[in-house]
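Have a look at the structure below before the remarks.
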Amino acid sequence: MRLDPEGHETAALHQLLPDLRGRRVLEVGCGDGRLTRRYADRAGSVLAIDPDPAAIAAFSGEIPSTLRRHVELRTGTIVTLGEPDGSFDVVLFAWSL
Amino acid sequence: MVDALQRAHRWLRPTGYLVDVRPTAEPAHLEVLLAAGIVSVGRVSDVNDLVGPNARHARADVALAAAVARGWFVREEHCEFSFHRHADTVEEIRDHIRGKWMGAALDEQSLQRAAALQLSEAGAGLWVREQVGIARLGPCRKTGATL
């Protein structure tokens with residue numbers, strides 16, 4: 001299965017996330033990182049969470065070296081995530097709301 | 001869903017924003033691309049109103065509207081695009097829907113029609129098309145509303 005080879009999703013993301021430099025992003029429902037790979041190189045840092053440990057493990061095993069330094073992966077949900085208020089510049093629901 | 005949006009509101013800095021990417025409540029279409037154009041042969045439907053993807057996306061719309069109504073967020077920008085899942089065979093699509101789409105169903109008649117159309121023309125394309133919305137919302141601090 002080839003997902004969005006036309007790049008429509010990437011174009012839309014770039015339109016609505018025009019400037020991520022230095023910004024801290026929380027991605028909720030990152031899965032295997034398909035969406036994360038499309039924007040994370042432009043962000044200051046990314047905390048990507050997903051309730052499926054297998055998906056996080058798959059993403060962790062295949063994460064590009066260019067993203068490894070500023071993308072943190074955690075198994076969990078928005079309910080279990082213990083972050084203080086005002087921690088993020090962007091909260092991204094990745095096909096997960 | 002509303003609880004998740006309230007948590008997101010708390011975690012955002014005042015200058016930050018929420019981005020919501022997900023399919024709209026419009027059902028996904030099974031389509032075949034022929035030389036003469038795109039033929040829609042079926043729709044992905046919900047197995048029932050509780051667990052199907054279309055009902056789930058409709059509930060998310062309601063939750064987001066509730067978060068706006070409670071003064072947590074203000075809508076800034078929204079756009080939609082077509083998201084295509086290309087496959088080589090209808091069997092690949094059938095397996096994908098069964099394995100990845102919780103509560104979704106694609107009837108066998110539509111799959112067989114797609115297979116017949118694909119066989120009728122060399123190079124015919126086959127995909128499932130979803131209409132996807134992406135919205136950016138800014139946090140609104142003036143109300144301090146809670147659940």
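We name chains A, B, ... by the order of the sequence lines, and we start the count at 1 in each one.
Using a 4.5 Å cut-off between side-chain heavy atoms of Ile, Leu, Val, Met, Phe, Trp and Tyr, with links allowed through other members, B/Leu64 and B/Trp72 fall into the same hydrophobic cluster. Hydrophobic clustering, with ILVMFWY side chains joined whenever heavy atoms are under 4.5 angstrom apart, keeps A/Trp95 apart from B/Met1. No chain of hydrophobic side-chain contacts below 4.5 Å, direct or via other Ile, Leu, Val, Met, Phe, Trp or Tyr residues, connects A/Val90 to A/Ile49. Both B/Ile97 and B/Leu111 are members of a single hydrophobic cluster when ILVMFWY side chains are connected at heavy-atom separations under 4.5 Å. Follow the hydrophobic side-chain contacts under 4.5 Å out from A/Val79 and you reach A/Leu47 in the same cluster.
Residue with the most contacts toward chain A among B/Asp20, B/Leu12, B/Asp88, B/Leu137: B/Leu12 (heavy-atom pairs, distance under 4.5 Å).
At distances below 3.5 Å, not a single donor-acceptor pair connects side-chain atoms of B/Trp11 with backbone N or O atoms of A/Val91. Looking only at distances, a side-chain donor or acceptor of B/Arg13 sits under 3.5 Å from a matching main-chain atom of A/Ser87. Side-chain atoms of B/His86 do not come within 3.5 Å of backbone N or O of A/Arg2 as any donor-acceptor pair.
Closest approach of B/Phe83 to A/Leu3, counting heavy atoms only: CZ-CB, 3.9 Å. Listed here is the closest heavy atom pair of B/Arg136 and A/Leu16: NH1-O, 3.0 Å.
With a 4.5 Å cut-off on non-hydrogen atoms, A/Thr77 does not touch chain B at all. Contact of B/Ala8 with chain A is made through backbone and side chain together, with heavy-atom distances under 4.5 Å. Heavy atoms closer than 4.5 Å to chain B are found in both the backbone and the side chain of A/Ala12. Residue A/Leu26 touches chain B through its side chain alone, counting heavy-atom pairs closer than 4.5 Å. Contact annotation for A/Glu9: both backbone and side-chain heavy atoms come within less than 4.5 Å of a heavy atom of chain B.
Rounding to the nearest 0.5 Å gives a distance of 14.5 Å between CZ of A/Phe88 and CZ of B/Arg10. Note that CD of A/Glu6 and CH2 of B/Trp127 are 6.5 Å apart. Values are rounded to the nearest 0.5 Å. The CZ atom of B/Arg56 sits 11.5 Å away from atom CG of A/Leu97, with the distance rounded to the nearest 0.5 Å.
Annotation: residues 53-67 of chain A contacts chain B through no residue [non-hydrogen atoms, separation under 4.5 Å].
Side-chain atoms of B/Tyr17 and A/Arg23, non-hydrogen and from C-beta on, do get closer than 4.5 Å to each other. Using a 4.5 Å heavy-atom threshold, the side chains of A/Met1 and B/Ile93 count as touching. By the 4.5 Å heavy-atom criterion applied to side chains, A/Leu81 and B/Arg7 are not counted as neighbours. Side-chain contact between B/Arg22 and A/Phe93 is absent, with no heavy atoms from C-beta onward closer than 4.5 Å. Side chains of A/Asp4 and B/Glu130 form no contact here, defined as non-hydrogen atoms less than 4.5 Å apart.
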